[in-house]
Each structure stands twice: as structure tokens, then as C-alpha cells.
Amino acid sequence: MTAPGIRIEGLRKRYGEGDTAVDALKGVDMVVAPGEVVGLIGPSGSGKSTLLKCLGAVIEPTAGRMILGNETIYDDGWKIPDLRALRRDRIGFVFQAPYLIPFLDVTDNVALLPMLAGRPNGQARQRAVELLGALDVAHRARAQPVELSGGEQQRVSIARALANRPPVILADEPTAPLDSERALAVMRILNQMAVQYHTAIIVVTHDEKIIPTFKRLYHIRDGKTYEEAGQGLVL
Ligand SMILES: Nc1ncnc2c1ncn2[C@@H]1O[C@H](COP(=O)(O)OP(=O)(O)O)[C@@H](O)[C@H]1O
Ligand SMILES: [Mg+2]
């Protein structure tokens, strides 16, 4: 076994304090290997967004551990000094909407993160072009986001999430607005990219269309996760 992409142990998150405190996560365990795409499903209010925000170092957990690759990033407190660099370089985010920057062309939308991480512009652009090729949108490299179809924009946003070669990608409802065929196409791409770039991918979803695609799922209910085998539909 290779080192896990991401491992979470006994993660807790309490919002507020005293009488009004809400225990949103009550000891969550999860492990996602490089190359694996797991689903995270659960009813509204079960703690999905809270878990994703903790994993993305957007909010601070209350207790527990998070290990990214071989490094403990949280152990009853943050263990790394620069959370901004962590989010920028080691975690990829994919959302329901692509959120491309409208005044940058497709290449620069993808190259921006490596540039912010300190890579020379030429190298950052070269990586962007390579990823756009992997995602079948190389022919749109010089286009403005507004000129792309919705599906193309989504693929560019996946290229952007991969741009700094993060060990983990967090995808929040990435297929919600898409029809069945496009939703499955996005899942096929995420599975291919996970393998090609050794990325651990966590997909929060309500989307019945894509649930059969997961080999493994975590249900979250009342702040606790329960693992189950999925169908692993071949895409
Ligand atoms: N900023 C917050 N302050 C207080 N309670 C919150 C906050 N965010 C979420 N919660 C509560 O935490 C629980 C889990 O919410 P959330 O993680 O948003 O669930 P989900 O994404 O599964 O719908 C809910 O009871 C919600 O009301
Ligand atoms: Mg939510």
C-alpha cells in the first residue's frame, strides 16, 4: 500500500459554545488513497460541507487528526504554519459552478495557481497546456471562458484543480446541474485524473446519476461517517 492521499481520524467540529453549540462532526474517520474517487453522501445538515471545509483548511476542526500524504496537518490544532499555501498548493477544489475568471483566457485560468505558487510563467503555462490536453480542451486554450460550453468550462475548472498537482481534490456537487451523459462524463474524467495524477478525490454529491460510479462511499449521518462498498460502475 502506498501512503494514503488523505486520512482523517476522530475529526470533530463544534460550532459555537455553551447552550447554542452545534456538534456538526462527532468523530469522523475516513481514508482515501491516491488514485481513488470516493463519494460522500448524506442528508441536508448531516455535516458534509463542514467536513469538506475542514479538509480544505477553510475552517478549523475542534479535535481529531488530518494527515495529508505523510504529513500530519492537523492534530488537535494546525501542525503546519502556512494554511494559505496548503490550500493553494496541496488541495484542489472543484465546485458545482466552474467559477473561471472571465477576463483571463483558458490557459491563464489554469496557469494562475502555479504562478501564485511561485512557478515561472512559462512553466505554469506549459503545465496548463498539458492539463488542457488531458481534459480534451486544448483546442480552447486561447478562448475566453464566456466562449466555452458549460461542459468545457467544467473541464477547465478540473484542469485548474489539478494545476498544482495536489494530493487531494475536494469536489462539492460537481455534477449537480448536468444531464446524465455529462454528469457521467465528469465522473469518467475525475476517475481518469485520479489515476493519472495519483490524486485522492472526494466527491460530495446528492446526484443519483453518479452514485453507482463510486467503488466506495461514505455516508454521513448526524456528524458520523459510515463506509460502504459501491457499485463501481465502469465508465
Ligand atoms: N457556521 C455555522 N455555525 C453554526 N452551525 C453551523 C454552521 N455551519 C453549519 N452549521 C450546522 O452544522 C450542521 C452540519 O451542517 P453542514 O455541514 O452545512 O451540513 P450539510 O452540508 O450536510 O448540509 C448543521 O446542523 C448546521 O446547521
Ligand atoms: Mg452543505
Side-chain angles (χ1 to χ4, degrees), residues 5-32 36-68 73-78 83-84 86-87 90-100 150 153-154 157-158 160-161 166 168-179 182-183 186-187 190 199-231:
I6 189 155
R7 177 188 292 276
I8 305 160
E9 295 170 353
L11 201 75
R12 295 175 178 274
K13 174 62 184 177
R14 167 172 288 186
Y15 290 109
E17 44 191 67
D19 289 350
T20 57
V22 177
D23 287 308
L25 301 177
K26 300 176 183 169
V28 165
D29 300 317
M30 193 178 212
V31 54
V32 189
E36 197 181 20
V37 181
V38 303
L40 176 63
I41 60 178
S44 184
S46 58
K48 302 182 298 293
S49 293
T50 300
L51 178 54
L52 225 53
K53 286 177 201 165
C54 289
L55 285 170
V58 177
I59 60 173
E60 182 168 2
T62 308
R65 292 217 291 166
M66 299 199 290
I67 299 135
L68 189 59
I73 59 169
Y74 181 89
D75 189 356
D76 293 339
W78 294 114
L83 293 179
R84 191 166 161 266
L86 172 75
R87 287 190 292 263
R90 296 169 64 193
I91 300 164
F93 296 91
V94 176
F95 307 98
Q96 187 174 324
Y99 298 122
L100 301 178
Q153 289 185 27
Q154 184 70 313
S157 80
I158 294 170
R160 177 185 55 195
V168 63
I169 287 182
L170 308 175
D172 195 0
E173 299 276 3
T175 62
L178 305 177
D179 65 32
R182 291 200 172 81
V186 167
M187 291 311 297
L190 288 177
T199 312
I201 303 185
I202 299 173
V203 180
V204 169
T205 189
H206 280 104
D207 189 347
E208 296 292 337
K209 302 186 293 285
I210 66 166
I211 287 173
T213 71
F214 297 106
K215 290 196 192 78
R216 216 156 59 79
L217 289 156
Y218 288 92
H219 285 262
I220 180 163
R221 198 170 335 114
D222 197 22
K224 289 260 212 192
T225 42
Y226 304 86
E227 189 187 337
E228 89 173 20
Q231 270 174 261

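Each ligand, and each atom within it, is numbered from 1 in the order the structure gives. Along the sequence shown, the residues carry numbers beginning at 1.
- Atom 27 (O) of ligand 1 lies below 4.0 Å from none of the non-hydrogen atoms of the protein.
- Atom CD1 of I202 is separated from atom NZ of K48 by 14.0 Å, given to the nearest 0.5 angstrom.
- No cation-pi contact links K224 to Y226, judged by a cut-off of 6.0 Å to the six-membered ring centre and 45° from its axis.
- Closest to atom 25 (O) of ligand 1 among all protein heavy atoms lies V22 CG1, 3.9 Å.
- Between G223 and ligand 1 there is no heavy-atom distance shorter than 4.0 Å.
- The shell of residues lying under 4.0 angstrom from ligand 1, judged by heavy atoms, includes S44.
- Residue contacts to the Mg ion (ligand 2): S49 brings an N, O or S atom closer than 2.8 Å.
- Nearest to atom 19 (O) of ligand 1 among the protein's heavy atoms is G47 N, 3.1 Å.
- The shortest side-chain heavy-atom distance between L51 and I8 falls under the 4.5 Å cut-off.
- Close approach to S46 involves these atoms of ligand 1, each under 4.0 Å from a residue heavy atom: 19 (O), 20 (P), 22 (O).
- Taking the six-membered ring where the residue is Trp, F95 and F93 present parallel rings, their angle staying beneath 30° rather than reaching 60°.
- T50 has its side chain within reach of I59: a pair of non-hydrogen atoms, C-beta onward, lies under 4.5 Å apart.
- Ligand-side atoms of ligand 1 in range of P43: 22 (O), range being under 4.0 angstrom from any heavy atom.
- Counting only heavy atoms from C-beta outward, the side chains of K209 and T175 never approach each other to under 4.5 Å.
- With a 6.0 Å radius and a threshold of 12 heavy atoms from other residues, nucleotides or ligands, R182 has its CZ atom at or below the threshold.
- Residue-to-ligand polar distances place G45 within reach of ligand 1: an N/O pair is separated by less than 3.5 Å.
- Among protein heavy atoms, atom 18 (O) of ligand 1 sits closest to S49 CB, 3.8 Å.
- Protein heavy atom in closest approach to atom 6 (C) of ligand 1: Y15 CD1, 3.2 Å.
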Show the numbers, then the answer: is there a side chain to side chain contact (heavy atoms under 4.5 Å, CB included) between E227 and D29? CA-CA 9 Å; E227 189 187 337; D29 300 317; over 6 Å; no

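- Distance from atom 12 (O) of ligand 1 to its nearest protein heavy atom, with residue and atom name: A24 CB, 3.4 Å.
- Counting only non-hydrogen atoms, the option in T50, L52, T20, L40 that gets closest to atom 16 (P) of ligand 1 is T50.
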Yes or no on side chain to side chain contact (heavy atoms under 4.5 Å, CB included) for T205 and F214, after CA distance, side-chain angles and deciding distance? CA-CA 11 Å; T205 189; F214 297 106; 4.0 Å; yes

